[in-house]
Amino acid sequence: MEIIRYAELKPVPWRNGGGVTREVARFPQHAGPGAAAADGWDWRVSIAEVTRAGAFSRFAGMERVLTVVEGELLALTVDGVEHPLEKYRPYRFSGDAEAAGALPTGDIRDLNVITRTGSFKGYTSIVELSKKRAHPVFAGQFGILLQGQAAVSAGPGGEPGAVEPAPQTLGRYDAVVGSDANTPEVLGRGFLAVVSIDPAETA
C-alpha cells in the first residue's frame, strides 16, 4: 500500500510567480519536472497554490481537468470566455487554450490532472467519505484527502495467515495510490478526490 505524503512534496514556483505547484505523480516518472518538460511525460497530477491573478501555462497537446479544492472561487478565462469555478466542481479544458485566472474571493488551491491527448484521459470526482462504508481506490486511480479525517487500510486478498498492516492515518492532501491487489480502502469523514487516469480509447 503506497501513500504519497503531501508534506514531503517539493513546492515548485510558477514561471510567472503567481503561485507554486506540488507534483503528486507523473508518468513516465523519469520525465523532468516543470512545464518545460511537458513533452517528457504523458500525464501529471499536481496541487497548486494560486496567490495572484495571471496567465496559466500552456500544455500543448494536453487536456486539463482543474478542480478548486480550497478557497471559494476561481474565475478562469479560457480562450476569452470566463468560467466561474466553485469549490469541488471539476472543469475540463484544452491545454492548448489561452487560460488565465482571477481570484475574486482570495487565494485558492487547485487540483490539476493533465493528460496527453490521444494517449490518456483523466477524470476527477469528489466523493463524501463514510465511517461505515470504505471507499476503494483501484489501479489507475489516486485517492486524495481534501478535507476531514480518514485512514486507509489494505483490502482483502493477502496471503492466508498474513498479518494485515494497521490502517494508516491520512493528512490533508495525502494521496493513496490505487491497486487491484489488496485494493486500498479509505474510511472516515470528509471529502476525497478520486483521480482516474485511463488509457485513451483507440479506433
Q: Show, in sequence, the C-alpha distance, side-chain angles and deciding distance for Y123 and D198, and conclude whether the side chain to side chain contact (heavy atoms under 4.5 Å, CB included) test is met.
A: CA-CA 8 Å; Y123 302 88; D198 296 341; 3.5 Å; yes

Q: Could you check whether the rings of F120 and F27 sit parallel, tilted or perpendicular, using 30° and 60° as the cut-offs?
A: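 Ring orientation of F120 relative to F27: perpendicular.
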
Q: Can you tell me how far OG of S196 sits from CD of Q141, rounded to the nearest 0.5 angstrom?
A: 4.0 Å

Q: How far does CZ of R58 sit from CZ of R64, to the nearest 0.5 angstrom?
A: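 Separation between the atoms: 11.5 Å.
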
Q: Quick one: does E98's side chain get under 4.5 Å of V78's, heavy atoms only?
A: no

Q: If we ignore angles and hydrogens, is there a donor and acceptor under 3.5 Å between the side chains of N112 and R44?
A: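 N112 vs R44: no donor-acceptor pair found between side chains.
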
Q: Verify the neighbour count for atom CD of E49: are there more than 12 heavy atoms of other residues, nucleotides or ligands below 6.0 Å?
A: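 Correct, the count exceeds 12.
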
Q: Could you measure the distance from the CG atom of L129 to the CG atom of L145? Nearest 0.5 Å is fine.
A: 6.5 Å

Q: Measure across D180 and A139 and return the closest heavy-atom pair with its distance rounded to 0.1 Å.
A: OD1-N, 3.2 Å

Q: Passes salt bridge (charged side-chain N to carboxylate O under 4.0 Å, His left out), D174 versus R5? Steps please.
A: CA-CA 5 Å; D174 285 351; R5 298 293 184 182; 2.6 Å; yes

Q: Not counting sequence neighbours, list each pair that qualifies as a side chain to side chain donor-acceptor pair (under 3.5 Å) and has a residue in residues 67-77.
A: E70-R109, E70-Y173

Q: For Q147, enumerate each residue passing the side chain to side chain donor-acceptor pair (under 3.5 Å) test, keeping only those at least two apart in sequence or located in another chain.
A: Y88

Q: Working to the nearest 0.5 angstrom, can you tell me the gap between T124 OG1 and F142 CZ?
A: 11.5 Å

Q: For the hydrophobic clusters of this structure (ILVMFWY residues joined by side-chain heavy atoms under 4.5 Å, transitively), does one cluster hold both V152 and Y6?
A: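 They do not share one cluster, since no chain of ILVMFWY contacts under 4.5 Å joins V152 to Y6.
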
Q: Do I108 and T51 make a side-chain contact, defined as non-hydrogen atoms from C-beta onward lying under 4.5 Å apart?
A: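 No, side chains not in contact.
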
Q: Can you tell me if CZ on R89 sees more than 12 non-hydrogen neighbours from other groups inside 6.0 Å?
A: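 Counting neighbours around CZ of R89, 12 or fewer heavy atoms of other residues, nucleotides or ligands fall under 6.0 Å, so no.
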
Q: Out of curiosity, T21 OG1 to I47 CD1, how far, rounded to the nearest 0.5 Å?
A: 10.0 Å

Q: Between F56 and Y91, is there a shared hydrophobic cluster once you connect ILVMFWY residues whose side-chain heavy atoms come closer than 4.5 Å?
A: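 Same cluster.
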
Q: Taking all non-hydrogen atoms of both residues into account, name the closest pair between P28 and W41 and its distance.
A: CD-CA, 3.7 Å

Q: Do F191 and V65 sit in one hydrophobic cluster, given that two such residues count as connected whenever their side-chain heavy atoms are within less than 4.5 Å of each other, even indirectly?
A: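 Linked within one cluster.
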
Q: Less than 4.5 Å apart, any side-chain heavy atom of V50 and any of L103?
A: yes

Q: Would you say CZ of R92 has more than 12 non-hydrogen atoms from neighbouring residues, nucleotides or ligands within 6.0 angstrom?
A: yes

Q: For the CE atom of M62 and the CG atom of D96, what is their distance to the nearest 0.5 Å?
A: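 CG of D96 is found 10.0 Å from CE of M62.
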
Q: Looking at V20 and P13, what are the two nearest heavy atoms and their distance?
A: CG1-CA, 3.9 Å

Q: What about L9 and V113, same hydrophobic cluster or not, with Ile/Leu/Val/Met/Phe/Trp/Tyr joined at side-chain heavy-atom distances under 4.5 Å?
A: yes

Q: Hey, any chance I3 and V45 share a hydrophobic cluster, counting ILVMFWY side chains that come within less than 4.5 Å of each other, even indirectly?
A: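 Different clusters: I3 never reaches V45 through Ile, Leu, Val, Met, Phe, Trp or Tyr contacts under 4.5 Å.
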
Q: Might you point out which heavy atoms bring I4 and V24 nearest each other, and give the distance in Å?
A: CD1-O, 3.5 Å

Q: Give me the atom names and distance for the closest heavy-atom approach of G143 to L192.
A: C-CD1, 3.7 Å

Q: Holding to side chain to side chain donor-acceptor pair (under 3.5 Å), I want the full list of residues that pass it with K87, two or more places apart in sequence or in another chain.
A: none

Q: Which heavy atom of P184 sits nearest to which heavy atom of S179, and what is that distance?
A: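 Closest approach of P184 to S179, heavy atoms only: CD-N, 3.8 Å.
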
Q: Check whether the side chains of T117 and E63 place a donor and an acceptor atom closer than 3.5 Å, and report yes or no.
A: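 No pair is found: no donor N or O on one side chain lies under 3.5 Å from an acceptor on the other.
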
Q: Begin with the C-alpha distance, continue with both residues' side-chain angles, and end with the deciding distance and a verdict on side chain to side chain contact (heavy atoms under 4.5 Å, CB included) for V186 and V137.
A: CA-CA 8 Å; V186 182; V137 185; 4.1 Å; yes

Q: So K10 and R22, do their side chains get closer than 4.5 Å, heavy atoms only?
A: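 Heavy-atom side-chain distance check fails, nothing below 4.5 Å.
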
Q: So do I144 and L111 actually touch side chain to side chain, heavy atoms under 4.5 Å?
A: yes

